[in-house]
Structure formats: C-alpha cells, structure tokens
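The shown structure was predicted, so the numbers you read here are calculated from the model rather than taken from an experiment.
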Amino acid sequence: LQAQYDEFSTTENGIVVDFAGNQPVNVPEQVINNWITWHFLPRWETYVGVQWIGKIYNDDANLVERAPSTVVNFGVLYDVTQGSELAFRLFNAFDEKYATGGGSTQWQLAPPRTAELSYRIKF
C-alpha cells in the first residue's frame with residue numbers, strides 16, 4: 001500500500017498549503033494480519049493471531065507519526081454442545097503499548113492486555 005493524496009490543498013491564513021503526495025491521515029503504510037487455527041482435539045480449537053500495523057500519520061503534513069506496532073492475540077475454544085461454545089481469549093498478549101488514534105497533540109492508547117471468558121449459545 002502506498003496511499004497518498006493525488007490532489008489536496010487547503011488555505012491557512014491566506015496561504016495555500018499543498019499536501020499532494022502525502023500519506024492520508026490514519027491510513028497505515030502497511031497492515032499484515034496472520035492467524036493460525038489448530039483443532040488439536042475433537043471439540044477443541046486454539047488460535048494465535050499476529051497483527052502488524054505500519055507507520056501512520058496523524059496530520060495532513062505528515063509531521064506527526066505514530067510508530068509501527070505488533071499485537072498478538074491468543075484463544076482457546078471448546079464446543080460444549082453442537083450449539084454452544086466456551087471460549088477464553090487473550091488480547092494484546094504481550095501488553096504492547098501503542099496508539100490507535102490521535103491528533104497532533106493527543107493520542108488514544110490501545111487497551112492493555114485483556115482476557116475474556118465467554119459462553120456462546122447458537123440458535
């Protein structure tokens with residue numbers, strides 16, 4: 001991905017500022033998602049997911065840059081019955097500190113390591 005503005009300019013204090021060729025705001029340069037799922041026993045499944053997000057700019061001038069980040073998620077699922085599932089999930093397993101959004105002066109941090117236990121009933 002090489003996203004860029006073909007034509008984009010604005011007027012600031014009566015001066016035309018041209019942003020053509022710059023990377024759009026909040027659009028990562030690259031995103032890579034890899035998921036591996038393994039059915040290791042009947043009714044049991046586990047997975048690991050790795051997401052890499054390339055650098056992102058928070059302003060039109062491409063002066064405020066968010067650093068790339070790598071996030072790893074894990075999960076284990078058990079089919080209790082044909083219509084229900086028990087799952088344990090671990091998000092951001094290595095407690096990566098990274099921003100999910102922001103502007104030129106403020107950042108929104110991603111959630112820290114988080115665990116989830118759920119029971120899902122299908123009908």
Side-chain angles (χ1 to χ4, degrees):
L1 175 67
Q2 293 181 338
Q4 67 180 18
Y5 294 118
D6 291 332
E7 294 179 23
F8 178 40
S9 61
T10 187
T11 304
E12 295 178 12
N13 298 326
I15 300 170
V16 176
V17 180
D18 185 16
F19 297 115
N22 286 5
Q23 185 174 320
V25 174
N26 289 321
V27 175
E29 193 172 76
Q30 295 98 15
V31 175
I32 299 171
N33 291 300
N34 292 310
W35 291 90
I36 297 172
T37 302
W38 179 35
H39 295 271
F40 61 95
L41 287 172
R43 299 169 40 168
W44 283 92
E45 175 183 323
T46 187
Y47 71 85
V48 62
V50 179
Q51 180 181 48
W52 183 80
I53 304 165
K55 70 178 176 181
I56 300 171
Y57 290 106
N58 279 7
D59 65 332
D60 294 323
N62 289 174
L63 298 175
V64 180
E65 181 181 319
R66 268 188 270 160
S69 60
T70 303
V71 180
V72 178
N73 302 305
F74 295 102
V76 177
L77 294 86
Y78 175 69
D79 290 328
V80 178
T81 66
Q82 190 173 8
S84 68
E85 161 187 286
L86 182 64
F88 174 77
R89 297 177 182 91
L90 185 62
F91 303 99
N92 194 4
F94 299 112
D95 206 18
E96 175 84 8
K97 293 186 180 30
Y98 65 100
T100 60
S104 58
T105 59
Q106 296 178 345
W107 299 85
Q108 178 180 350
L109 291 178
R113 179 184 308 120
T114 306
E116 170 184 278
L117 181 63
S118 67
Y119 184 71
R120 183 173 71 160
I121 300 172
K122 307 170 202 171
F123 56 93

Paired with Tyr57, the side-chain contact (heavy atoms from CB on, under 4.5 Å) test is passed by just one of Asn62, Leu63, Val64, namely Asn62
**OP:** Kindly say whether Asp60 contributes a backbone atom to a donor-acceptor pair with the side chain of Asn22 at under 3.5 angstrom?
**Re:** yes
Exercise for the section: Please indicate whether Gln82 has more than 12 foreign heavy atoms, meaning atoms of other residues, nucleotides or ligands, lying under 6.0 Å from its CD. Expected result: no
request  = Show your working on side-chain contact (heavy atoms from CB on, under 4.5 Å) between Asn92 and Thr114 and close with a plain yes or no.
outcome  = CA-CA 7 Å; Asn92 194 4; Thr114 306; over 6 Å; no
Between the OH atom in Tyr98 and the CH2 atom in Trp107, the distance rounded to the nearest 0.5 Å is 14.0 Å
Check: Does Arg66 use its side chain to pair, donor to acceptor, with the backbone of Asn58 at less than 3.5 Å?
Finding: no
* Given the rule that I, L, V, M, F, W and Y join up when any side-chain heavy atoms are under 4.5 Å apart, are Leu41 and Trp38 in one cluster? -> yes
The remaining residues in the hydrophobic cluster of Val16, counting side-chain heavy-atom contacts under 4.5 Å among Ile, Leu, Val, Met, Phe, Trp and Tyr, are none
The reported gap from CD in Gln51 to CG in Asn34 (rounded to nearest 0.5 angstrom) is 10.0 Å
Residues at least two apart in sequence or cross-chain that pass salt bridge (charged side-chain N to carboxylate O under 4.0 Å, His left out) with Arg43, listed by chain then number, are none
All heavy atoms of Ser84 vs all of Tyr119, minimum pair found to be OG-OH, 2.9 Å
query = In the single-linkage hydrophobic clustering (I, L, V, M, F, W, Y; side-chain heavy atoms under 4.5 Å), do Tyr78 and Val76 co-cluster?
reply = yes
Q.
If hydrophobic clusters are built from ILVMFWY residues whose side chains come within less than 4.5 Å, do Val50 and Trp35 share one?
A. no
- Query: Can you tell me if Asn13 uses its side chain to pair, donor with acceptor, with the backbone of Ile15 under 3.5 Å?
  - Reply: no
For Ile53 and Pro28, the nearest pair of non-hydrogen atoms, with its separation, is CG2-CB, 3.8 Å
Between the NZ atom in Lys97 and the CG atom in Asp95, the distance rounded to the nearest 0.5 Å is 4.0 Å
Mind checking whether Phe19 and Phe8 have parallel, tilted or perpendicular rings, split at 30° and 60°? tilted
Please test Arg89 against Asn73 for side-chain contact (heavy atoms from CB on, under 4.5 Å), starting from the C-alpha separation and ending with a verdict. CA-CA 7 Å; Arg89 297 177 182 91; Asn73 302 305; over 6 Å; no
* Glu116 CD: over 12 foreign heavy atoms closer than 6.0 Å -> yes
**Asked** Is the number of heavy atoms from other residues, nucleotides or ligands under 6.0 Å of Ile36 CD1 greater than 12?
**Response** no
Under a 3.5 Å distance rule, please check whether Arg113 uses its side chain to pair with a backbone N or O of Ala93 as donor and acceptor. yes
Taking Val25 as the starting point, is it possible to reach Val27 by hopping between hydrophobic residues whose side chains are less than 4.5 Å apart? no
Taken to the nearest 0.5 Å, the spacing of Asn26 CG from Asp59 CG works out to 10.0 Å
Taking every heavy atom of Glu45 against every heavy atom of His39, the minimum-distance pair comes out as OE1-CE1, 2.9 Å
For the hydrophobic clusters of this structure (ILVMFWY residues joined by side-chain heavy atoms under 4.5 Å, transitively), does one cluster hold both Leu117 and Leu77?
-> no
